[in-house]
There are 2 protein chains.
Amino acid sequence: MDVRTLCLGALMGGEATGYEIRKMFEDGTFSHFQIASLGSIYPALTKLTQDGLVTFVEHEQENRPDKKVYQLTSEGRRTFLRTLLQTRPAEDRYRSDILFMLTFAEEMPIELTEALIDEFAARHELMSHQIDPENDDKPGTMSTYGRDENGAPKPGCCFVAGLGQAMCEATLKFIRENKQGLLDELRDFKARKP
Amino acid sequence: MDVRTLCLGALMGGEATGYEIRKMFEDGTFSHFQIASLGSIYPALTKLTQDGLVTFVEHEQENRPDKKVYQLTSEGRRTFLRTLLQTRPAEDRYRSDILFMLTFAEEMPIELTEALIDEFAARHELMSHQIDPENDDKPGTMSTYGRDENGAPKPGCCFVAGLGQAMCEATLKFIRENKQGLLDELRDFKARKP
DNA sequence: TTTCGCTATATCAGTTCGATATATGTCGGA
DNA sequence: TCCGACATATATCGAACTGATATAGCGAAA
């Protein structure tokens, strides 16, 4: 899935600026399983405009740069839906510096191992909290749930969000149950080898 | 974590060729939480050689291209360990086309939704199986567990592998419990709206 | 028997990231 | 009250990385 397709998908929920699209990938609906940076979103929107898949209206703002509000054209909508039907989804990829580093736990001070695990747990705690539907209506927080015109959360989005939460909780549970064991094992390991 | 650092880490377990390093990221020890392609590994190894962090021995092979077996220098080892101590690990990132597509479940035929979920489950089933320690000694399979000189699995690697398995299992459990509910909800949803 | 996949290195075009530039309003703390 | 930090908003660019392709011989399956 290239950024152009991701942008089309982001605009399926209604009009948005480039900046708002980035927020969907940073904090919002898609943030837990897709990434796109401004440096790729803006060129993608330009290209999509050239191809007639999106249009934009320039809103002048006092004392601020103009806002370009993008919207799908009917061809853009059709193209996106066709892509959904035709694309064979790429392999999932998970990238974690912390897990990579933990692989070398034997080679580093135990305090660092513990700090890394705690950091990992803290990040998942936060993420689980962000996905939580209880938090979804609070002002200021970006919604994790895509909603239709009536404001009802969409079943597909709820399923994906629930899955994300289940993964977070499993991670936290595993850490609660295995962190101490690992630290003890490492202490043993280091006692035996100088 | 750039590819250079990842290569140093891969060589912490002993000597290897570029091709073998890629396999560690494709099938082996690091495959579930880091990615590196040949197109970045070879240039990285060249750069590391220039910087004196690795050396290589060229093994001539009959009727095959020469094999370059790389090895950490003591400075390479020191550099990697220093990096572990000093690096603030980047945010984890998870990227999934399938979950992104499922977000638009309302817009596509129910059969496609079901196929995507089944595909997602199948991939996690396979992954869980690959991580399974039972499978670890079987010839032909790439080991998921880093091992020390005596062939004993390293505690850090076991912890990370266990965590990966716990995440897979949570995913599979969630799908077992929620797939049918989603499909029913979607049928409802579509019945109400034409 | 030919076609596919494995070992093995290497290169390159295209994509994407991350940082930076620009301009300004707002809010909290010293 | 002023300063710094942060948010809005677009745009660009070098550096990094992916994915495909080239080369080349072997073994196994179909």
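Because the structure is predicted, anything quoted here is derived from the model rather than measured. Just so it is clear: chains get the letters A, B, ... in the order the sequence lines come, proteins before strands, and each one is counted from 1.
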Classify the nucleic acid contact of B:Leu38 as base, sugar-phosphate or nothing, counting any heavy atom under 4.0 Å across all strands shown.
base
Measure the distance from CD1 on B:Ile21 to C1' on C:dA10 and round it to the nearest whole Å.
15 Å
Give one of base, sugar-phosphate or nothing for A:Gly39, where a contact means two heavy atoms less than 4.0 Å apart.
base
Proximal nucleotide (of D:dT8, D:dA11, C:dT15) relative to the A:Lys23 side chain
D:dT8
Select base, sugar-phosphate, or nothing to describe what B:Thr17 touches, counting heavy atoms under 4.0 Å on all strands.
sugar-phosphate
Do the side chains of B:Arg123 and A:Pro89 get nearer than 4.5 Å, heavy atoms only?
yes
Need to verify one output field. Residue with the more 5' nearest nucleotide on DNA chain D, A:Lys68 or B:Val3?
A:Lys68
Tell me: CD of A:Glu26 to P of C:dG18, nearest whole Å?
10 Å
Between B:Tyr94 and A:Phe33, is a ring pair (Phe, Tyr, Trp, His ring centres under 6.0 Å) present by the stated rule, with each step listed?
CA-CA 5 Å; B:Tyr94 177 55; A:Phe33 49 88; 7.7 Å; no
Aromatic rings B:Phe104 and A:Phe80: how do their planes relate, parallel, tilted or perpendicular, breaks at 30° and 60°?
perpendicular
Find the distance A:Ile35:CD1 to D:dA16:C1' and express it as a whole number of Å.
15 Å
Strictly below 4.0 Å, heavy-atom distances to any atom of DNA chain D: list the hits from residues 95-102 of chain B, or just say none.
none
Per B:Arg93 side chain, nearest of listed nucleotides C:dA8, C:dC17, D:dT12
C:dC17
Which of D:dC17, D:dA9, C:dA8 is nearest the side chain of B:Glu20? It is C:dA8
Regarding B:Arg22 and the six-membered ring of B:Tyr19, is the cationic atom NZ or CZ under 6.0 Å from the ring centre and inside 45° of its axis?
yes
At 4.0 Å (heavy atoms only), tell me whether B:Ser40 reaches a base, stays on the sugar-phosphate, or touches nothing.
base
To the nearest Å, give me how far apart CD1 (A:Ile41) and C1' (C:dG18) are.
13 Å
Quick one: which of C:dT11, D:dT8, C:dA8 gets closest to the side chain of B:Pro43?
C:dT11
Quick check for you: among C:dG18, C:dA8, D:dT18, whose closest atom lies nearest to any side-chain atom of B:Ser37?
D:dT18
What is the separation between atom CZ on B:Arg22 and atom C1' on C:dC6, rounded to the nearest whole Å?
10 Å
Could you tell me whether the side chain of A:Thr79 and the main chain of A:Glu75 form a donor-acceptor pair under 3.5 Å?
yes
